[in-house]
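These notes are about the structure you will find just below.
Excluded from the calculations below are hydrogen atoms, water molecules and symmetry mates; all remaining heavy atoms, backbone and side chain alike, are included. In this text the structure is predicted, and so the values were computed from the model without any measurement.
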Protein chains: 2
Amino acid sequence: MKFEDYPAPVYPPRCAHPCEECGLRRSPAFLAVSAAELDAIQSFRSGTRVVEAGGRIVGEDRPSAQLYTLYSGWAFRYKTLSDGRRQILSFLLPGDFIGLQDEFADGHTHGVEAVTGTTLCTFERDTLWDLFHTQPKLGYHITWLAAREEKLVDDNLVTAGRRNAGERVAMLLMHLYRRAERAGMVRDGWAEFPFNQQHIADALGLSLVHTNKTLRRLQRLGLYKLDSGWLRILEPHALEALGDYFERPMLPAPLI
Amino acid sequence: MKFEDYPAPVYPPRCAHPCEECGLRRSPAFLAVSAAELDAIQSFRSGTRVVEAGGRIVGEDRPSAQLYTLYSGWAFRYKTLSDGRRQILSFLLPGDFIGLQDEFADGHTHGVEAVTGTTLCTFERDTLWDLFHTQPKLGYHITWLAAREEKLVDDNLVTAGRRNAGERVAMLLMHLYRRAERAGMVRDGWAEFPFNQQHIADALGLSLVHTNKTLRRLQRLGLYKLDSGWLRILEPHALEALGDYFERPMLPAPLI
DNA sequence: CGTATCTTTGAAGGTAGTCAAGGACCGTGG
DNA sequence: CCACGGTCCTTGACTACCTTCAAAGATACG
């Protein structure tokens, strides 16, 4: 059974309803929660926020007072050096938790930017400990999310450090496709792909020009198609082999 | 007051004593804990393990059944591609928690290797949830550690993706010196530096040869000295400016 | 003293960065 | 309707940073 068959909301206009009606939760990508936990999440949640495409979710200069769960849309975490060079650390999809890294900040924060229009559930940072205290299970889940997020960055570091341009692009395309698939953002083999080549370059640690040339090369080889914001993988095995990157089936994730 | 003034054990032969006598805890780098928490940690701990220099702490093929706190020595986390290219993800110092990333594994694990001889406190993975349940505060602390660890990898990703060789080396030297200082491994301005150039190359995503040439260049410029396993920073401001990397004062960390 | 490991250096080649400019597409407004 | 500016994509030419290959020192150790 594919995720497309589930009524997962791709871009709900807004999430103003109670958590128990949350559309995301119907997806099998997320763990079921008890009624008590859902209550705790509901009261942990302080509101909803909408950010337009290209807008800033969290500024790079200081940690935000809020934590977020991305409810719909695509976003990314990034850091910039003082001369403007930017590195994208990881991409964020619905269900991803935002802001944990800064919870224990010694400065050195990162920014979060929306790629598409996004909606977010907001939580107040200073109530986090209370959540751990009253609902240890949810604390455990948050640790789960933090650990998963770090694994993503681990993989990206291997890519930036040890893969060449072709391998990097192959790995990123497969990775984003798989995550989109899991999040129910694939229809008929086409995945939402709202990124421009500057995003890809900044994620892979390549220049814009070289990213373009590498993308075109792999496209001419017939490995994938990209059409007005939608991605289709034509040769998944070739891309996986080229990138030396083989996704394992993903476990259901907690959703806070 | 400098950390050197504290009686922090640099390389205790072994940690077989109860946690309340733990030498690490005397360091101001770590948060104080209550007696009840210390009891919980003590009963969470299942034993002690010693790994010789260069030995494998956690294999790359499968998640280990144990979690660890590094008690003494230096180690690193790494991943290797199928053709042998290796990327070091982060370095580990006393107090660092090991194995969390695999707690929620979907495969895709990483290895951990000892640089020097190390001693580790061991915990059984399947008792982690129990710890969260009975001691939410410690669960919160574990999340703290996970978030800090991810920030380290974030920084390393920026380095591998967007810094050139000189900047990478400058940043790594400053970073390791600062962490050694905090861990009480600096004496008279000399920090323990047990790494060979292959370690540095694998951490920075550079080739061994180019790493060597870059190290020599910065050394000839008089920015640092390296002598039989000990590092002295001669020009901290120059190195920080070159690497565009400015450490903020670090908060006391939890110690599990 | 011989072997293994690590460091150092030179030379050659290639991958990726930089510079520059044209093209495609889109929305806006004259 | 078409001109215009903006953003993003594409391509070529040139440059340079970094990798690879090769081999010679240095150091430690049995």
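Look at A:Arg187 and A:Glu181 and you find no salt bridge, because none of the NZ, NE, NH1 or NH2 atoms lies under 4.0 Å from a carboxylate O. Between A:Asp83 and A:Arg85 there is a salt bridge, since a side-chain N of the basic residue sits under 4.0 Å from a carboxylate O of the acidic one.
Shown here for B:Leu218 and B:Ala170, the closest heavy-atom pair between the two residues is CD1-N, 4.1 Å.
For A:His210, taking side-chain heavy atoms from C-beta onward, the closest of the listed nucleotides C:dA16, C:dT9, C:dT18 is C:dA16.
Aromatic ring centroids of B:His110 and B:Tyr78 lie 6.0 Å or more apart.
B:Gly205 comes within 4.0 angstrom of sugar-phosphate atoms only, judged by non-hydrogen atoms across all strands, and of no base. Backbone-only engagement by A:Leu206 is indicated by non-hydrogen atom pairs under 4.0 Å involving sugar-phosphate atoms exclusively. B:Asn196 comes within 4.0 angstrom of sugar-phosphate atoms only, judged by non-hydrogen atoms across all strands, and of no base.
End-to-end axis angle of the helix from C:dC1-D:dG30 to C:dG30-D:dC1, from C1' rotation axes over five pairs per end: 20° (rounded to 10 degrees).
Rounded to an integer number of Å, the gap from B:Leu208 CG to C:dT8 P is 10 Å. At whole-Å resolution of the value, CD1 in B:Ile200 and C1' in C:dT8 are 14 Å apart. For the pair B:Arg162 CZ and C:dA16 P, the computed distance is 13 Å after rounding to whole Å. Rounded to whole Å, atom C1' of C:dT7 lies 12 Å from atom NZ of B:Lys213. Between B:Leu215 atom CG and C:dC6 atom P there is a gap of 15 Å when expressed in whole angstrom units. Taking atom CG on B:Asn164 and atom C1' on C:dT18, their separation rounds to 14 Å, with Å as the unit.
Near DNA chain D, meaning a heavy atom under 4.0 Å from it, residues 219-233 of chain B has no residue at all.
Between B:Phe91 and B:Phe195, the ring-plane angle classifies as tilted under the 30° and 60° cut-offs.
Taking every nucleotide of DNA chain D with any atom under 4.0 Å from a non-hydrogen atom of chain B, the first and last of them, 5' to 3', are D:dC18 to D:dC21.
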